[in-house]
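Reading through the structure tokens given below for one structure.
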Amino acid sequence: MAAQYTFTDLRNINVGCHNVIAVVKFFKKPQKTKGTGYSMFASVSDPSLCGDKFPVIFLCNNIDHLPPIRTPGDIIIMHRLKVSMYRGSLQGCGPGSSGFAFAVFPGLCDSPLTPYPSPTNCSFTDADLFRVFELRGWYNSDSCPLEKELPPDVVMTEPQAPSNQMVPFAERVVPSTRIHSIMKNAFVNIEAQIVAIYSYPPEITRDIILSLWDGQPPPEAASLPPFYTHHDLDRPPHISDSRTDPHLAAITGHSMLPANEDWSVTVFVFDEHAQSAVAKKLKPGDLIRIINVHCTGKLGHVRRKLDVHGGGQKYGRRIELLTEETAPPDLVARLKAGRDARKPITTPSQSPGAADLGVLLIWKLRDVVSLLGPAAVGPSTTTPLHHNNPAMCRLRVCGRVVRARPNSPRSLFRCLLLVCRSCGTSSRIKSPTLPMCPCGKSTHFLALPMFYLVLADLSGRVCVLVSSRGIRALAGPDMSSLRRQLRLLVSATASPQTKRATARSITAAWSRCVSSWIDATLLVKRSPTKSTVSISLLAK
DNA sequence: TTAGGCTTTG
């Protein structure tokens, strides 16, 4: 039966002799002393230090009798550690003689609870082993406030070095964390895909802001505070200094959906990390790994903020570029599952007239529209994109549907255009009560839908008219009998109950477009007579 | 006895 030792939490340590179980935060390789022996410096920590660390120096004449620490994160049990003052601070000393004993356990969560072999002896109980188990879990958790460091024998390359010369991840100890699960004060590694990159004019700052996603957030993340984003800054970056992948932005809902549905997370990258060769090459769609991103509390701790602080490369803090091959398979699988879970309700637009424009942001659309005429959608600063027919152009737009009209039976009637089958006069109605056509010949109407969607992208929102064909294309099978349903709505014989049920069915189907996203071609037309612009969605 | 890291964080 092993002797039962009493262990001191590092927070409560003072000058004297203590038994300690702690995580190795950092260690230096053994060095020869001026005398005959060896020294090895380490810093250790435990949860009681709340991210702080405690220095320990091991001394021994025989290099093989020093603690066999292999990597940061290993757990060390120390008996009779001598604590004294050094340069105004407490420091532990484990001398080779006078009873100091230790056992070092591997820090990986799935490694066995057995110490590394060592010629020296240190007893431990089941309770001690459980503490080792606890500390190992804490170090590898989403909430560990320690910045994870590299083993001393891993030579870090300069930040400018190409990514293929970097330290292979297999040599690292700490597993990666889902972005949404990071806890306040923690330093963690993450792997993710870039949705957008924000920068500033160089005279303001060279720091960058990354918007990342790593799949659909895990359910437990919903109980954690939302993330601080670039929108929360006093001087948010300008849209013209951003680069984005429109599909990824639409899938994640980046800056378009409410925070609880936006799958993207903002990471602030400072100093040399923002200016490294790797960072300069980054583009939306890239897969990256960030070593030691720091999660801080902001705005009175109601938000979490992710920072890649300047410096720290010596301890492995950095951004790495990954490929589909080098990225962890579970990340690639999660991204695919996320794309599948949020498919567009259109197939990608391939309209020939819009092809040369590529995927346009709506702010471009605004510019074009305002050049077409005094539009209601915004100011202009750029040149027209369509020279042949300034009254009309096609634009490809990728955006989230944030609103659909009609969204209730009441609003449905305001979104119908009634055309008299006798004289062709069109009119709008405000209630289910059908008017009498001024021609007086007939009360037979054709009902044309004037349905709208509000589309959002990073730059803003735009209201788009959708034709009958477009409605059927976007709402799918739910709207396959739209024409028949509309006929029923304006029929003189159908009962009010039938009309109400039909109206509910149409608006319910149309409302289901909301929170989907589209990649579609819009037709922008200036009215030849009025100074208005219509924007309609071109259905396939 | 010996020897005892880096940084300050937007």
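Chain identifiers are assigned alphabetically (A, B, ...) following the order of the sequence lines, protein sequences preceding nucleic acid strands; residue numbering begins at 1 within each chain. Predicted model, so just to flag it, every value in this text is computed and none were measured.
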Tell me every residue that passes ring-ring contact (aromatic ring centres under 6.0 Å, His included) with [X], counting only those two or more places apart in sequence or in another chain.
X      : answer
A:F26  : none
A:F54  : none
A:H254 : A:Y198, A:H230
A:Y5   : A:H79

>> Which residues pass the salt bridge (charged side-chain N to carboxylate O under 4.0 Å, His left out) test with A:K283, not counting sequence neighbours?
In response: A:D286

>> Counting neighbours of CG on A:N121 that are heavy atoms of other residues, nucleotides or ligands and sit closer than 6.0 Å, is the number greater than 12?
In response: no

> For DNA chain B, whose closest nucleotide is more 5', that of A:K53 or that of A:L59?
Replying inline: A:L59

>> Judged by each residue's nearest nucleotide on DNA chain B, which is more toward the 5′ side, A:S97 or A:K298?
In response: A:S97

> Which residues, if any, of residues 30-43 of chain A bring a heavy atom under 4.0 Å of DNA chain B?
Replying inline: A:Q31, A:T33, A:K34, A:S39, A:F41, A:S43

> Residues from residues 76-92 of chain A sitting under 4.0 Å of DNA chain B, heavy atoms only?
Replying inline: A:Y86, A:Q91

> Got a sec, which pairs hit side chain to side chain donor-acceptor pair (under 3.5 Å) with one end in residues 52-64 of chain A, sequence neighbours left out?
Replying inline: A:T36-A:N61, A:N62-A:H65

> Checking all strands, does A:G96 fall into the base, sugar-phosphate, or nothing category for heavy-atom contacts under 4.0 angstrom?
Replying inline: nothing

>> Below 4.0 Å from chain A heavy atoms, what is the first contacting nucleotide of DNA chain B and what is the last?
In response: B:dT2 to B:dG10

> Which residues pass the side chain to side chain contact (heavy atoms under 4.5 Å, CB included) test with A:H231, sequence neighbours left out?
Replying inline: A:T229, A:S255

> Who pairs with A:A327 by side chain to side chain contact (heavy atoms under 4.5 Å, CB included), at least two apart in sequence or on another chain?
Replying inline: A:L287, A:L322, A:L331, A:V332

>> Test: ring-ring contact (aromatic ring centres under 6.0 Å, His included). Region: residues 259-283 of chain A. Which pairs qualify, not counting sequence neighbours?
In response: A:Y228-A:F268

